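A short write-up of the structure that comes next.
Predicted model, so just to flag it, every value in this text is computed and none were measured. The chain is numbered in sequence order, starting from 1.
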Amino acid sequence: MRRGISIAAAVCALALTATACGSDDDEGSNGKAKDAKDISGSLTYWDTSDATTEAPVYKKLIADFEDKYPKIDVNYENIEFASIEQKFKSAAKTGKGAPDVMRADVGLIPEYASLHYIAPLDGTLALKGGTEDFTEGPLNTTKYQGKTYGVPSVTDTLAILYNKKLFKKAGIEKAPTTWDEFIETSKTIKKKTGVEGTYLNPDSYFLLPFLYGEGTDLADTRTKKITINSPEAVKAVTTAKKVYDQASAKVDFANAYDNMQTSFKNGEVAMLIQGPWSVTDDLSGKAFKGDEDNLGFAPVPAGSTGKPQAPTGGHDLTVYQGSKNLDAAYLFTQFMTSSKSQQKIATETATLPTRESAYTPEVTKDARIKGFHPIMKTARPRVALPQVGSLFTPLVQQYTKILQGDVSVKSGLDAAAKDFKKLLPGYTISS
């Protein structure tokens, strides 16, 4: 789920060798093999799934793929999520050692596409059968300048996770639907149960539901404006500050995420804004262990727009543009993101599928998947900028100062906008 997207250091003509760089039309075979059974050769797949709990499932799928297509050999490599971005960029830039297919964080797609590191997939075997079955949110993460550069594999978003027993003890029947209700619910829980209502995550990624709820974002690619200090953004961050001041447990900024998780799973906090990646950990705590039904799921609260919206996270499968075996790479991508494969991945790892047809009764037996499935319909992609990940760094610096009361909301966001301008030289500041 992590962002961690660095700024593109140079344009394609300067950064890439002839092996890695080329026009969007220069795709070798263009994925138009005579027949899938005739495709042969070898390919390398870089996977960032958890090496212990998830990777074995992907290895089984690869064995199934090789059984179905015996002329193709797959070299599987499990790469740590924290290191794969720089590892791939280095390999793609030099044209040496890049994988044919890679599991990429959705937030990295615009940058990789802008650098011509990954191939456009429209009209290739990777998207054979069309895209109609994919949920809109995950599918939108694959787009950059009108082309498709990935195939959605697994997805996630943010939601309210809550302790049903604490809600019942406080006399609260349902999860809050607005930020004002969120604050009042937190206060009521604290008053009636003595337990903290919530724990605000001070990471800037978790600020996005506040921004989206006011109809704004970090920037606007259509108008080429930086919008982080717009009136709507000021209102959004003012609301976040209100949650922090009036509803949150004391935040340890040095170790906020882990403390937040520990407090929630042990029943010391009643509700969080969190993602499905946390649920396995939640269920291991004394508040939910042996009582999975105690964990509730609801969309993030809505802002002035009246729409609950949170960022779409997850991973897409991408194909390296300099691959020597594009046909095999496209075919492998299609296989690994098929509905059948996604069902297998979901039932064995509890991650959310990106295809609607993969949400079968068997898959939705898992409370985590069943709980997040309808919430995914409220998710939206992050702004499609190559620099989007880098924007989070100056934002979190100013957001922290705002929450701690060191600067006002407006001055903090104005400072963030100036830092954004350094990363987006072609953009103007909205106010």
Side-chain angles (χ1 to χ4, degrees), residues 3-16 21 23-24 85 89 104-118 120 122 136-137 139-150 204-205 207-238 240 303-305 307 309-313 316 379-399 402 409-431:
R3 280 74 53 209
I5 310 171
S6 65
I7 309 169
V11 295
C12 178
L14 296 177
L16 306 181
C21 185
S23 71
D24 288 341
E85 178 188 350
K89 284 180 178 178
D105 183 275
V106 297
L108 289 160
I109 299 300
E111 184 179 8
Y112 290 162
S114 71
L115 292 169
H116 300 270
Y117 287 166
I118 54 178
D122 305 281
E136 183 179 2
L139 183 61
N140 285 339
T141 69
T142 68
K143 306 292 185 180
Y144 181 68
Q145 294 186 345
K147 294 186 178 182
T148 307
Y149 286 91
S204 51
Y205 181 79
L207 177 60
L208 292 179
F210 291 95
L211 294 171
Y212 295 168
E214 298 303 327
T216 192
D217 207 323
L218 308 182
D220 186 331
T221 57
R222 182 181 60 85
T223 61
K224 292 192 177 298
K225 284 187 176 181
I226 293 165
T227 55
I228 192 56
N229 63 334
S230 66
E232 294 80 8
V234 169
K235 185 174 183 179
V237 180
T238 298
S304 298
T305 64
K307 297 178 181 179
Q309 289 190 313
T312 303
D316 300 331
R380 56 175 276 184
R382 282 161 270 178
V383 60
L385 281 168
Q387 305 91 337
V388 65
S390 298
L391 300 178
F392 284 103
T393 299
L395 178 56
V396 75
Q397 292 170 349
Q398 296 301 325
Y399 185 39
I402 290 168
V409 172
K410 185 64 167 67
S411 62
L413 294 183
D414 283 343
K418 290 178 181 177
D419 287 333
F420 280 22
K421 177 66 176 172
K422 298 172 186 176
L423 301 170
L424 301 170
Y427 279 58
T428 59
I429 296 176
S430 62
S431 62

Arg382 and Val106: side chain to side chain contact (heavy atoms under 4.5 Å, CB included), yes or no, with the steps?
-> CA-CA 9 Å; Arg382 282 161 270 178; Val106 297; 3.1 Å; yes

Residue list, side-chain contact (heavy atoms from CB on, under 4.5 Å) with Val396, at least two apart or on another chain = Ser204, Thr400

Shortest non-hydrogen contact between Pro120 and Lys147, atoms and distance = CB-CD, 4.2 Å

Hey, are the side chains of Phe210 and Val237 touching, using non-hydrogen atoms and a 4.5 Å cut-off?
-> no

For Ala417 against Ile429, the heavy-atom pair lying closest together = O-CD1, 3.8 Å

Quick one: list whatever passes side-chain contact (heavy atoms from CB on, under 4.5 Å) with Ala233, sequence neighbours left out.
-> Leu211, Thr216, Ser230, Leu413

Just jot down the side-chain contact (heavy atoms from CB on, under 4.5 Å) partners of Thr305, sequence neighbours excluded, or say none.
-> Lys307

For the residue pair Thr221 and Ala384, what are the closest heavy atoms and their distance?
-> CG2-O, 4.0 Å

Shortest non-hydrogen contact from Pro394 to Leu423?
-> CG-CD1, 4.5 Å

Rounded distance [0.5 Å steps], CG in Asn140 versus OG1 in Thr148 = 10.0 Å

Side-chain heavy atoms of Thr141 within contact of Pro381, under 4.5 Å = yes

Drop me the distance from Gln309's CD to Asp217's CG, to the nearest 0.5 angstrom.
-> 10.0 Å

Once you round to the nearest 0.5 Å, how far does CG of Leu391 lie from CD1 of Ile226?
-> 8.0 Å

Contacts of type side-chain contact (heavy atoms from CB on, under 4.5 Å), residue Ala104, not counting sequence neighbours | Met102, Ile109, Tyr112, Thr318

Is the shortest heavy-atom distance from the side chain of Leu208 to the side chain of Phe392 under 4.5 Å?
-> yes

For the atom pair CG (Leu108) and OH (Tyr149), what is the distance rounded to the nearest 0.5 Å?
-> 15.5 Å

Separation of Ser390 OG from Asp419 CG (nearest 0.5 Å) = 12.0 Å

Are any side-chain N or O atoms of Glu214 and backbone N or O atoms of Ser304, one a donor and one an acceptor, separated by less than 3.5 Å?
-> yes

Between OH of Tyr427 and CG of Asp220, what distance do you get to the nearest 0.5 Å?
-> 7.5 Å

If you look at every heavy atom in Tyr144 and Pro386, which pair is closest and at what distance?
-> OH-CG, 3.7 Å

Can you name the ring pair (Phe, Tyr, Trp, His ring centres under 6.0 Å) partners of Tyr212, sequence neighbours left out?
-> none

Hey, could you give me each pair passing salt bridge (Lys or Arg N to Asp or Glu O under 4.0 Å) that has a residue in residues 224-233? Not counting sequence neighbours.
-> none

Locate the shortest heavy-atom distance separating Ala219 from Leu385; write the atom from each residue and the value.
-> CB-CD1, 4.0 Å

Hey, is Asp414 close enough to Lys410 for a salt bridge, meaning N to O under 4.0 Å?
-> yes

